[in-house]
Structure formats: C-alpha cells, structure tokens
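Scroll down for the structure; my scribbles are underneath it.
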Amino acid sequence: MQSKFIKATAAVSAATVSSFALAGGGDTYNVGFSDTAYYNIASGGIDPASPNYNGQGVTAEAGRYMGSFGWSNVVLDVCWNTGSAYSCWASECTFTMSMSDGTQTTYFNVGVPVADQTGSDIEGACATYPTDGSSAAGETIFDPFAFAVDASGDVQVAVYQAWDDGTGMAGGSVITADCFFTLAGEVPAGCDGATGSCAEVHPEPGCDDLTCCAVVCDAAAGGDPFCCEVSWDSTCVDNAIALCGIYIYTCENPQYSNDCATSPMMLDLDTPVAFNTVGANTDGPPEIDCGSADEDYPIWSDLWYMVESVDGGIMTATCCNTADFDTKIAIYDAGEIGSTFDPSTLPASFLICNEDCDDPTFFTSEALLAVDAGRQYLVRLGGFVQATGQGDLVVSIEAPEPPIPPQTCDIPGPDTFTQNITDVMNSGGVACAGGGITTENNYCRIYTAEDMGNDQFTIDCIRFGMTNPGSYLAAAINVLKSPSGNVDVYADLELLATNNFGLYTTDGLEYNVVTFPDGVNVDLSDGSALVIEVSIPQALDGFVTFGGGTGVDVSSGTTYIRSAPCGITEYITNGSIGFDLEWFVYADGTAGGGQPDCPGDFNGDGMVDGADFGFILAAWGTCGGCPEDLNGDGEVNGADVGLVLSVWGACP
C-alpha cells in the first residue's frame, strides 16, 4: 500500500528554505527578546504602528542576500486567554522577518521555535515551553538569492501568534530568545548576466541559473571557482548536474516500442490497451509526489503513452482492478497538440500522480486531472518498489458536469441535534492521500435516539464542516440507518436519503449545508442508530477532508473513516489509526417528526390525537418542509387539519 493517511494543515506564508548554504557571507546580526508579549495579526502583531508590535529593527547592508535565520535559548509562556474556547498552542508562536523577495518587502515566517501543538490546560493561565525545562534552538536556511535586505537597509524581526483566539489578548510571551540572521555570500561575478545553460559546455564563465551558478562556483559547496572565472567546461556541467539536481534524460536498452518517453504510444480515448512492464527500463525522473510510502520516488519499469485533448475536460487514466501488480500512473503536460516534447523538461512538466485506487489487493492506480483543450499529455505507467506485471490501461476525457448550486436551508424545523459542543472549527481532518492529493474518502458519525433528543426526527437540513483548497468537486451526504447500531458492515446499512452537493474551494475550514425539502423521517424506536455520511471522490488537485476539532470538542460519539485506496474497506475510527480528529455535524429539523407510515403522529407516540393537533397550531401558516404540512403545499392550514382528522386515533 502506498497511499497513506495525512492530517490537514493550515497554509502558512513562509520563507522558502534550502538544504545548502553558500559560503562567502557570514555577516551576522543579533536580536534578543526578553519577557516580550506576542499578539496575533488582527491585534497588531506584525504592524509596526500598533502598540502590540514587538519587532526590533536592525540596519544591514542594503541589497545583500539573506542566508539564514536562527534562534537559541528560547523559552515561552503559552496562554489560554479567558473567554477563548481553547488555549493558544506553542507551535503558533512564530518568528517573522521583513525581507524583499524581489517584488515587494513584507514579513515572511522564518521559524517556529517550539513545535508542540499544545498549550495551557487551564483557562486564564499560561504554561511554560519547552515543557521539560530546556530551551529551544534551531535555524532556517533560505534558498540562495531568494530574499534580500531591501533598499532601506532596515530589517525587522518580530514574534507573533499565528492563531486568533478572538480575545485580542497576547497569545503568550517570550521569556527569553536569542535570534540572529546571516547574510549570504555575494553573487559571483561570472554568474551576473551569464547566458549559457548550466547543463551545457560553453566557453564563457557562469551559467544562466543564478542559484545553480553560485553553488557550482562555491568551493565550500563542492564546486570550483574556475567555472565563474574562466569557462563553463564539462567539469562544471557535471558539478551542476550533481549539485543543482539538473535532470538529464536518458533511455537505455528499451524493451518495448513505448519504453522511452521519446516514443510514446498514441492512445485512442476510451479504448483499453494491454500493457506488460516486465523487462522495461526506468527512464523517467523520480517523482516525490509518487512516493507517499517508503520514500519510493521512482516509477519503476515505466511505459509511455500520448493522449490528445481536443476539447478539454476531466481526464481519467486508469488501470484500476485490471493490473496484476502495484502500479503508479503519472501525467505530464506535453505541450500543444502536434508539438515535439523535450524529455529533459519532464520534471517541470509533471502534473499529477496516483498510486492507489479502490483496489485493496494489488493497489492499482487511477489518475484524474482537469486538462485543457488543444494540448497533449504524456501518461506514464510503472510500478511501486520495482513491481512489474500486466494489465489494461484506459484513458478517457469527459466534459465536466455543471457545478451543483450551493444549497440553503432557510426555514428548518425548530430542533437541532449534534455531538459537538462548539461550532468553532479548529482542525482539518485526516484523509487517504497520495502525492498530497486526496483519494476517495468517506466519513461518518453515528447518532442514537438519545443524541437526537427523541427516537424520531424529521431532518430538514444538515450542516457540516469541510475544507477544500483545490478545485470544485461533486460530493454527497448520505443519511443511513444502522439496525445494529454500528457501522462495522457497510452493506448492512439502510439508505434513507442522499443529497449530492457541490464542494467548492474553501478558505480554510467552512460549513457546507445540504437541504431535504421533503424532510427525512428517521425512526429509531426499534433501537437502531442513525448514520450521517459524507462521500468525497478523488480530488483533482487538492487535499480535501472534513472540518472540525478534536475529542475535547465532542460530547459523545466519534468520527469514522472508510477509504479503499488506503485498504480501509469498512468503517474504522480515526482514533484507531492514530488521529484525534472529529468531524463537526449539525442536523436541523423537528424532533418527534412522526413515523413515515403514520403521518400526523408528530410526537411519535403511536397516536394521532390532541397533542399532534397542537403541533398543527404551532406551525400554522407558511412552513415549507415542515412535517405538519401534510399535503406539501408550503402552508399549514385547514387542509392539513382535515388530513390529521382523517387519520385520528391509533397508528396502524
């Protein structure tokens, strides 16, 4: 199995980092903090004009590139402010620094000194971190030539609270912190304005990639200053390939006509083509997004196919349940239809990879991608951990379905049930994903009659937390009944209703809503349980999951996950796979909504009598979707009284 469960994380605007630094710099500037309160952005935490700003300015040489930012001797007090539902976390204390990225000067996050995702256990109190009595230290090394001191020479270093707890108070205080930043070495003269390719020999010094050029000419990084002083010879090219990760395409000893990316097989859409990867070479580059388990980045023994997208749409490339080995499928943009593809651009042309579909036996693959009209795409099929075998590949391109309009629930019944104790979402969920893109995932919660507040309930709408940073998806909410009270065997559940909804791109954690105009009548008087499920298809380009909180945010029950691509074919709890993450769900409607086979019994006592007539009077007037609107005309009036009288007495 290659796909794996991943927790959703919030996106943070941060400085890009590198695994190497350039020599020749070394100018270091120090900044210290002592008993310094830090605030969130909304409260002025990074606004120099705010009294809550704690930043300190340092004058450095204008235009010099930044090399690194570091910290030591860091001790924090992290607070749970009175009036907030939660404590701030230690991991939300963030160092930020003003730098220029070549287009603007702004604050970039440059370090999180303490990674603990915990805070104070007591409202109105603070806790000291690190919790073991030590102090924190670390360093962030920036990408070469990515950030510089701006023209003013002023560098601001500040500490702020990444999460807004809504109180306006400090998230905590920095008891002590010794910080520093260093300036990188100057750009080698031979790199400034150089035009030759770093991957090709040329008589002039330097090459056209500034970062690569500087590294190759840096003796401390394993390079040679000769390359920037005399000429860019074959040794410089070899060093560039090794130090800069330049990709050089080769295809040796091909065994099949489409064993090389330079000779892909043209595919007819919707037509299966048999393949056999046994003996094929591996000529494509390793792909990090294809290595979600065991860090197995190559797509082993790969074969290549070309697909033309005349009209655009949603491309599906699949060998799901047709191959006899563990597969990977990657897709690359090969340019306009009819153009010649340069295989040396494969790393830059990579679009998507899928490792596992709904195949718990062989973990075969199915990749989905939105493709443009008039372009051609390379489909690369190979194996996981050197696996080879046979199967059939099918590629199709379908016009996308029109988006489902957002739904609203304007006049729900008066009652609501939920298992969460707050409506403030603070955590994304867990999802089966490969290459950072989620596969098919299903989540559910189980509700008893006690949870509903009655053994009968008419559901008018369901509100639930979701997060989708990627493209629109069509998903579904399912309302099911479990005779056994559990979800151990999905086939045993009875489907009461389903509602397809549009899952649009969200700004973080947001509530979605689905509505049931005719109501969903739920009867748990036989001791059964209600199951509310969200089914999410494979994403095209994002990490899609539920929104909610953790175990402390729910009063009962828990969240279950089912995802065949991760080998989970029946529901299990999130906790059983190590994630304390809970989906937030609300159901709105009318408690005691009546049995489906006994209209008029609004309180569910088995009788249509004066008590139920009281429900009619209470709902009198316009009441679309109300169970008291027995004839469904949007009004509770005399016609509905007549229907109640016609079934007066004991329910059949």
Side-chain angles (χ1 to χ4, degrees), residues 3 5-8 313-316 320 352 354 356-358 366-370 398-409 425 427-434 436-446 459-480 487 490 493 495-517 520 530-548 559-566 568-569 571 574 581-588:
S3 297
F5 289 110
I6 306 173
K7 179 181 177 182
I314 305 299
M315 177 190 289
T316 302
C320 190
I352 194 173
N354 177 266
D356 298 333
C357 67
D358 187 357
E366 182 172 280
L368 275 69
L369 179 71
E398 303 291 340
E401 294 291 332
I404 301 171
Q407 302 178 42
T408 61
C409 191
M425 294 185 287
S427 295
V430 59
C432 180
I437 299 175
T438 47
T439 65
E440 174 188 344
N441 288 277
N442 305 272
Y443 309 99
C444 77
R445 295 190 71 90
I446 303 172
I459 299 175
D460 295 323
C461 57
I462 297 174
R463 294 172 286 134
F464 52 98
M466 296 298 299
T467 177
N468 176 21
S471 301
Y472 165 89
L473 294 172
I477 284 286
N478 300 315
V479 181
L480 308 108
V487 289
Y490 189 76
L493 303 182
L495 180 65
L496 301 181
T498 189
N499 188 314
N500 296 320
F501 70 95
L503 182 53
Y504 291 80
T505 303
T506 64
D507 182 13
L509 305 172
E510 295 182 2
Y511 279 101
N512 282 65
V513 63
V514 298
T515 184
F516 300 91
V520 181
L530 172 71
V531 178
I532 296 178
E533 173 189 59
V534 62
S535 294
I536 308 170
Q538 178 179 326
L540 297 175
D541 53 9
F543 190 94
V544 184
T545 183
F546 64 83
T559 301
Y560 295 78
I561 186 170
R562 180 170 60 90
S563 183
C566 272
I568 310 300
T569 57
Y571 271 116
N574 285 345
L581 296 168
E582 299 291 348
W583 182 33
F584 281 8
V585 182
Y586 291 86
D588 302 314

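No hydrogens or angles considered: nothing links the side chains of Asn468 and Thr506 as a donor-acceptor pair under 3.5 Å. Using modelled atom types and a 3.5 Å distance limit, the side chains of Asn574 and Thr559 yield no donor-acceptor pair.
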Let's go through Val487 and Leu493 carefully: what are the C-alpha distance in whole Å and the side-chain angles of both, what is the deciding distance for side chain to side chain contact (heavy atoms under 4.5 Å, CB included) to 0.1 Å, and is it a yes or a no? CA-CA 7 Å; Val487 289; Leu493 303 182; 4.1 Å; yes
Side chain to side chain contact (heavy atoms under 4.5 Å, CB included), that's the test. Do Phe464 and Phe501 meet it? Break it down for me. CA-CA 12 Å; Phe464 52 98; Phe501 70 95; 3.6 Å; yes
Tyr504 and Asn512: side chain to side chain contact (heavy atoms under 4.5 Å, CB included), yes or no, with the steps? CA-CA 9 Å; Tyr504 291 80; Asn512 282 65; 5.9 Å; no
Given the rule in the side chain to side chain contact (heavy atoms under 4.5 Å, CB included) test, do Ile536 and Thr438 qualify, once you have shown the distances and angles that lead to the verdict? CA-CA 9 Å; Ile536 308 170; Thr438 47; 5.8 Å; no
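Within a 6.0 Å radius of CD in Glu401, other residues, nucleotides and ligands contribute 12 heavy atoms or fewer.
Using a 4.5 Å cut-off on side-chain heavy atoms (C-beta onward), Val514 and Gln407 make contact. Proximity of Leu496 to Ile459: side-chain heavy atoms (C-beta onward) are nowhere separated by under 4.5 Å. Two residues are said to be in side-chain contact when any heavy atoms from C-beta on lie closer than 4.5 Å; Val479 and Phe516 meet this criterion. For the pair Leu540 and Ile314, the minimum side-chain heavy-atom distance is below 4.5 Å.
Phe584 meets the ring pair (Phe, Tyr, Trp, His ring centres under 6.0 Å) test with no other residue; sequence neighbours excluded.
With hydrogens and angles ignored, the 3.5 Å screen pairs a side-chain donor or acceptor of Tyr472 with a backbone N or O of Ile404. The backbone N or O of Glu440 sits nowhere less than 3.5 Å from a side-chain atom of Asn442 that would complete a donor-acceptor pair. Thr439 places a side-chain N or O within donor-acceptor distance of the main-chain N or O of Cys432, the cut-off being under 3.5 Å. In this structure, Thr467 contributes its side chain and Gly508 its backbone to a donor-acceptor pair below 3.5 Å.
For the atom pair OG (Ser471) and CG (Asp541), the distance works out to 3.0 Å, reported to the nearest 0.5 Å. In this structure, CZ in Arg445 is found 9.5 Å from CD1 in Ile532, a value given to the nearest 0.5 Å. A distance of 10.5 Å separates CE of Met466 from CG of Leu509, quoted to the nearest 0.5 Å. Atoms CD1 and OG1, from Ile477 and Thr515 in turn, are 12.5 Å apart once rounded to the nearest 0.5 Å. Taking CD1 of Ile437 as the reference point, atom CG of Leu368 lies at 10.0 Å (rounded to 0.5 Å). The structure places SG of Cys409 at 10.0 Å from CD1 of Ile462, a figure rounded to the nearest 0.5 Å.
For residues 461-477, the salt bridge (charged side-chain N to carboxylate O under 4.0 Å, His left out) pairs, not counting sequence neighbours, are Arg463-Asp588. Legend: salt bridge (charged side-chain N to carboxylate O under 4.0 Å, His left out) pairs involving residues 530-539, not counting sequence neighbours, sorted by first then second residue: Glu533-Arg562.
Shortest non-hydrogen contact noted between Val520 and Ala497 is CG2-CB, 3.6 Å. When all heavy atoms of Gly313 and Pro400 are compared, the closest pair comes out as CA-CD, 3.9 Å. Looking at every heavy atom in both residues, Ile568 comes nearest to Ile561 through CG2-O, 3.8 Å. Contact detail for Tyr511 and Gly465: the closest heavy-atom pair is CD2-N, 3.8 Å.
Below 30°, between 30° and 60°, or above 60°: for Trp583 and Phe546 the angle between ring planes is between 30° and 60°, a tilted geometry.
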